[in-house]
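We use all heavy atoms of the structure for the numbers below, so side chains are in, but hydrogens, waters and symmetry mates are not. These figures come from a predicted structure and were not determined experimentally. Residue indices begin at 1 and follow the sequence shown.
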Amino acid sequence: MRLSIERKPTKIYPDLKRVVARFFFNGEARAKSIIQHVATMTDEEVEVTITPILREFSRRHRNITRIFEKHADRIRHLFAAAQVNYDELSLKRKLLTGSYFTNEYSIESAAFFNPSMIEDVDQSGLEEGEKRVILSFRAVGEGHISSIAFRSGIIDRNNQISLQTAGNYVDEAEVIRNAMYKKDTFFQNAVSIKLPDPVMQEVMNSLPEEFEYMALKKVIREMQQRYQVDHLVKKALERLLWLADSYYELNFSLDTDISDRVIFPYSDAESRGIEDARFVKYQEEDGRIIYYATYTAFDGVAIQPKLLCTDDFYNFKIMPLYGEGAQNKNLALFPRKIKGKYVMISRIDGINGYIMYSDKINIWENPQILQTPKYPWEFVQVGNCGSPIETPEGWLVITHGVGPMRTYCVGASLLDLDDPGTEIGRLKEPLLMPNKDEREGYVPNVLYSCGSLVHNEELIIPYGLSDYASGFATVNLERLLAQIKADGA
């Protein structure tokens, strides 16, 4: 390889001690039995049982009593069925009950990989040549369920990377779901579900002009009973319900460190994990900055591309992406509009790279082929490793290619600034390919990134090491661009 690539010594490994106290529920019958058992305990038995639990777990969680009380309140509808008056229970009895509906989940016990790097909102208090950054990761825990985790770091004037020590507590966000849906807007966006027209019309006719999630759920469950034998229609109806469940907001407490904020799967469409967030610092036409991330939701059977946005990394809005081009994985948003249009690259067929333009950030139609496998190291598939980076020479796209032995390598290509559907050049050889120290892991022989950054005239690439841990590499930007153009000549 004619380019000089420097692998940094900084590595990030999964940390088994990073746990969150999550709601635990394994059926109404067992829940009612637990409620009744706790209700019949004496006050002394309650005191003796809850005291050591609070003593032990208060050191592991920011406010374990709040968590226990919240989890007890979440099942308060079952107390009446168990013939227990919830409102008359003492606080400690509620806390003890809530502890039975709580379990610790180690968010990164299996792996911590596929990082994305962007500029932090806060750049104060730095020396010349330094930059504060936010890194997002795909954190994998028990059951191979993925979530989005964060770290903060500083890049110095020599592009050495120091990461801030992770906080001691992991927090779940407050989840706020859309209360009402407007029929016209919702069903316009639901075209990608591809329900037969008569079935879609039946759903629409059964709902008022504005409706709640539970009203839609009732209609769909009734229709699924009528379409019992038509499995394709039943599945499409379920996806229509997922669509409504996919809009929500997340609010984190202001006293949390960014490493404490973890975005878990919250909707049904995300139940088996959320993967590979590609964060981008996006500049609106009026100069306002918003941070977007495309990611993949997985329910165990189907995948759904989604979009989150934030301007402070405390409050996040989540929405699904629709359209012919919002299929499969690997969507990445350009950091600004081009000729008045939002622009996205993707890999909708699992093999080739595509480009799309849209007037709306969440609706993507008419994908056009952008890149196809060209060199032996990408014959299986080619895709992006994050949002394009604007340079004077063109849009720099860090890519991944899959070759023999399902080896994932990192490459780079350059697109025209005014017409990004035109590829100026592409590296003939990978920028990074797994070496002997990187090829062992949860999924061997895989190097993968979800977003790079330019600083001090170098491209800094954070990348996943065989789907287990993460590392960093740098390359001189001017030489990289020159090599891409030379290879494309």
Would you mind checking if Arg18 and Glu104 are paired as a salt bridge, meaning a charged N to carboxylate O distance below 4.0 Å? no

- Taking atom types as modelled and ignoring hydrogens, do the side chains of Tyr227 and Glu202 form a donor-acceptor contact shorter than 3.5 angstrom? yes

*Would you check if Leu307 and Cys309 make a side-chain contact, meaning some heavy-atom pair closer than 4.5 Å?*
no

Exercise. Give me the ring orientation class for Tyr248 and Tyr266: parallel if the planes are under 30° apart, tilted from 30 to 60°, perpendicular past 60°.
Key: perpendicular

Here the ring-ring contact (aromatic ring centres under 6.0 Å, His included) pairs for residues 67-92, sequence neighbours left out, are Phe23-His71, Phe79-Tyr86

Those residues at least two apart in sequence (or on a different chain) that pass side-chain hydrogen bond (donor to acceptor under 3.5 Å, both in side chains) with Arg151 are Glu108

(Q) Check for me whether Arg22 meets the cation-pi criterion with Phe264, that is, NZ or CZ under 6.0 Å from the six-membered ring centre and within 45 degrees of the ring axis. (A) yes

Scanning both residues in full, the closest heavy-atom pair of Pro434 with Val446 reads CG-N, 4.2 Å

d(Leu250 CG, Lys317 NZ) to nearest 0.5 Å is 12.0 Å

The single option from Tyr282, Tyr342, Phe316, Phe334 that satisfies ring pair (Phe, Tyr, Trp, His ring centres under 6.0 Å) with Tyr292 is Tyr282

query: Is the distance between the ring centroids of Phe279 and Tyr291 under 6.0 Å?
result: no

Here the pair of heavy atoms bringing Arg278 nearest to Ser449 is NH2-O, 4.4 Å

- Item | Side-chain donor-acceptor pair present, Ser413, Gln371, cut-off under 3.5 Å | yes

Does Arg406 have more than 12 heavy atoms from other residues, nucleotides or ligands lying within 6.0 Å of its CZ?
no

Would a line drawn from the ring center of Phe186 to the ring center of Phe211 be shorter than 6.0 Å? yes

Result for side-chain contact (heavy atoms from CB on, under 4.5 Å) between Lys306 and one of Ile318, Thr296, Ile274 points to Ile318

Ring centres under 6.0 angstrom apart (His144, Tyr442)
yes

Here the gap from Lys337 atom NZ to Ile361 atom CD1, rounded to the nearest 0.5 Å, amounts to 8.5 Å

- Message: Whether Asp171 and Arg62 form a salt bridge (side-chain N of Lys/Arg under 4.0 Å from carboxylate O of Asp/Glu) is what I want to check.
- Response: yes

